Amino acid sequence: MNNNTVMLQESDQVVYRQTRRGEANCQRKGQVKTHRNHQPQFTGKIPRGMAAKVMACIKNHDWRQNSDLIALRKNGYTPYSRIFDRSYQPKPLRITVRSESREALSALSLALAANCDYSPYSQYMFEVILPIAEIAQRMGVLHVYNNGRKAYDVLLHALRVLEQLDYVIVHRGRESDSGQNKPMRVFLTENFFTSRGMNVESVRQWLHKYRQWAISAGISVSLRSKYERHQLKMARLGIDIDRHHSLKNRLKSIKRWVVSPELFNEKESIIADLNTYLIAHKKQRILSRNLSEVRYQMAWWAWSASDACTPVIRLNLENAIKTEFPHLLNHSTSTEQYYRLLLERAGIPLP
């Protein structure tokens, strides 16, 4: 039986042990307990463009008046370690959020918004292109112990709160170093923007301006290649989402929500024009290929029907070609070569 669980004697139900928090306090030997190692504060660089506008809305957000957070605290949090425990009952909390929690939520939101992929060319939009440890470093909550172990519990707790608020979608995987399930990929949802006072039209307008800027700056191709490299990296690390169909459907719904109808109609018209051009080009290639195959045959028939050619000459030339090149007996596969040899043997200039 795992150390985190205990089997009840009267039933086969598996429940979790009580928390061991505070057991090591007796080992401090009179030392003052550390309240927290780091204060959450965004220390990264504020990018330009759409990220700067999103971060400006986040800075002015008051978590004490967030209706989603108030409703969640009324029902109680569910930590990730107890998400599969059916016996766990969340405890309601007070409405007002402590200052430490507000600082962590604000710093995490700023870090996610600053390192988010806002490219409308991406298959799954609003993905945070940054490892979780670097996000903790830019939040200012990454703690490195003497043995080299990295800890960022403040980030994990705040990320779990945002996940319960449906502000982010977290795809977890097993970390090779610790062997634990850690957040590997983080996606922002539409509620992340609407809860901070940003409406759909504003987000669509910012994305449209970002797309126009990328085209004018000539970096639209580089953005696509960057996202493709990211997808290949995720697949190489084994944390792709190809088999997670419900997650992919949720991410596609986010893209349908954010992509403007004008941009979608423009894309559909461009795709239709490209299909029309490709079909016409394909027909032209087939026609030109057929003409190139038929021109030698038509020239041979025209010369055979003229007064310069008799039936005996025609039969002698055909029999000679068939004898020298028996593999050309099947005219369906070597029509062009067969009639070209006949014209050259007869001394007729090629058309």
Side-chain angles (χ1 to χ4, degrees), residues 44-45 47-51 54 80 108-139 142 150 152 155-156 159 162-163 167-190 192-193 203 206-259 263-264 266-268 270-271 274-275 278:
K45 182 180 179 181
R48 300 174 58 185
M50 181 176 178
V54 175
Y80 179 74
L108 177 59
S109 300
L110 291 174
L112 295 178
N115 300 278
C116 180
D117 179 25
Y118 297 101
S119 175
Y121 303 106
S122 302
Q123 183 180 5
Y124 306 115
M125 298 186 61
F126 304 136
E127 181 177 3
V128 181
I129 313 291
L130 200 65
I132 197 70
E134 295 187 15
I135 296 178
Q137 183 178 3
R138 301 192 182 187
M139 279 181 60
L142 180 62
K150 297 180 180 180
Y152 37 84
L155 181 146
L156 296 178
L159 188 64
L162 293 182
E163 185 181 11
Y167 291 175
V168 297
I169 299 176
V170 183
H171 175 62
R172 293 176 172 84
R174 184 170 295 275
E175 190 179 21
S176 59
D177 297 336
S178 61
Q180 300 177 351
N181 286 334
K182 294 293 184 68
M184 295 298 178
R185 303 181 68 175
V186 181
F187 302 88
L188 305 184
T189 65
E190 65 275 11
F192 183 87
F193 302 96
V203 177
W206 295 344
L207 285 175
H208 183 64
K209 291 183 179 179
Y210 181 84
R211 174 175 170 271
Q212 290 181 339
W213 168 79
I215 295 175
S216 61
I219 61 173
S220 58
V221 178
S222 62
L223 290 176
R224 291 192 184 96
S225 61
K226 179 181 178 182
Y227 183 76
E228 291 176 358
R229 290 195 303 269
H230 173 70
Q231 293 290 91
L232 292 176
K233 180 181 178 181
M234 295 295 104
R236 185 171 61 254
L237 295 176
I239 52 178
D240 55 340
I241 58 175
D242 293 338
R243 298 183 180 181
H244 300 269
H245 302 290
S246 60
L247 175 59
K248 292 194 297 183
N249 293 334
R250 178 69 177 94
L251 296 176
K252 289 179 182 178
S253 66
I254 296 175
K255 187 171 184 178
R256 287 193 300 267
W257 171 83
V258 76
V259 174
L263 185 61
F264 181 77
E266 181 181 357
K267 178 181 178 181
E268 292 295 329
I270 292 175
I271 292 176
L274 288 176
N275 291 333
L278 290 176

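Along the sequence shown, residues are numbered consecutively beginning with 1. The analysis underlying the following values was restricted to heavy atoms, covering all of them including side chains, and did not include hydrogens, waters or symmetry mates. Quick caveat: nothing in here was measured; it's all calculated off a predicted structure.
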Report task. Evaluate the side-chain proximity of Y80 to L156: yes if any heavy-atom separation is below 4.5 Å, no if none is. Result ->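 Of all side-chain heavy-atom pairs linking Y80 with L156, none is under 4.5 Å.
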
Query - Set of salt bridge (Lys or Arg N to Asp or Glu O under 4.0 Å) partners for R172, sequence neighbours left out - result: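 Testing R172 for salt bridge (Lys or Arg N to Asp or Glu O under 4.0 Å), a comparison that skips the adjacent residues, returns E163.
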
How long is the straight-line distance from [atom2] of [Y] back to [atom1] of [X], given to the nearest 0.5 Å?
X	Y	atom1	atom2	answer
I169	Y124	CD1	OH	11.5 Å
F193	W257	CZ	CH2	7.0 Å
M125	T189	CE	OG1	13.0 Å
C116	I129	SG	CD1	7.5 Å

Requested in this report: Compare every heavy atom of L188 with every heavy atom of I254, then report the nearest pair and how far apart it is.
Outcome: CD1-O, 3.8 Å

Set of residues satisfying side-chain contact (heavy atoms from CB on, under 4.5 Å) with respect to [X], sequence neighbours excluded:
X	value
K150	L142, V144
I132	I135, Y152, L155, L159, P183
P47	A51, M55, A114
Q123	Y227, Q231

**Report entry** Test applied, side-chain contact (heavy atoms from CB on, under 4.5 Å); reference residue, V168; option that passes from L108, V186, V128
**Finding:**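 Running side-chain contact (heavy atoms from CB on, under 4.5 Å) over L108, V186, V128 with V168 returns exactly one hit, V186.
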
Report task. Return the set of residues passing side-chain hydrogen bond (donor to acceptor under 3.5 Å, both in side chains) with S253 (not counting sequence neighbours), or none when no residue passes. Result ->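 Testing S253 for side-chain hydrogen bond (donor to acceptor under 3.5 Å, both in side chains), a comparison that skips the adjacent residues, returns R250.
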
Query raised in the report: In chain order, what residues pass the side-chain hydrogen bond (donor to acceptor under 3.5 Å, both in side chains) check against Q212, with sequence neighbours excluded?
Result: H208

Excluding sequence neighbours, so at least two apart, what forms ring-ring contact (aromatic ring centres under 6.0 Å, His included) with [X]?
X	answer
Y210	W213
Y167	none
H230	none

Query - Residues N115, R138; criterion side-chain contact (heavy atoms from CB on, under 4.5 Å); working and verdict - result: CA-CA 10 Å; N115 300 278; R138 301 192 182 187; 2.7 Å; yes

Report task. Could you check F126 against F192 for ring-ring contact (aromatic ring centres under 6.0 Å, His included), going step by step and ending with a plain yes or no? Result -> CA-CA 10 Å; F126 304 136; F192 183 87; 8.9 Å; no

Report summary line: salt bridge (Lys or Arg N to Asp or Glu O under 4.0 Å) pairs touching residues 114-132, sequence neighbours excluded, are E127-R185

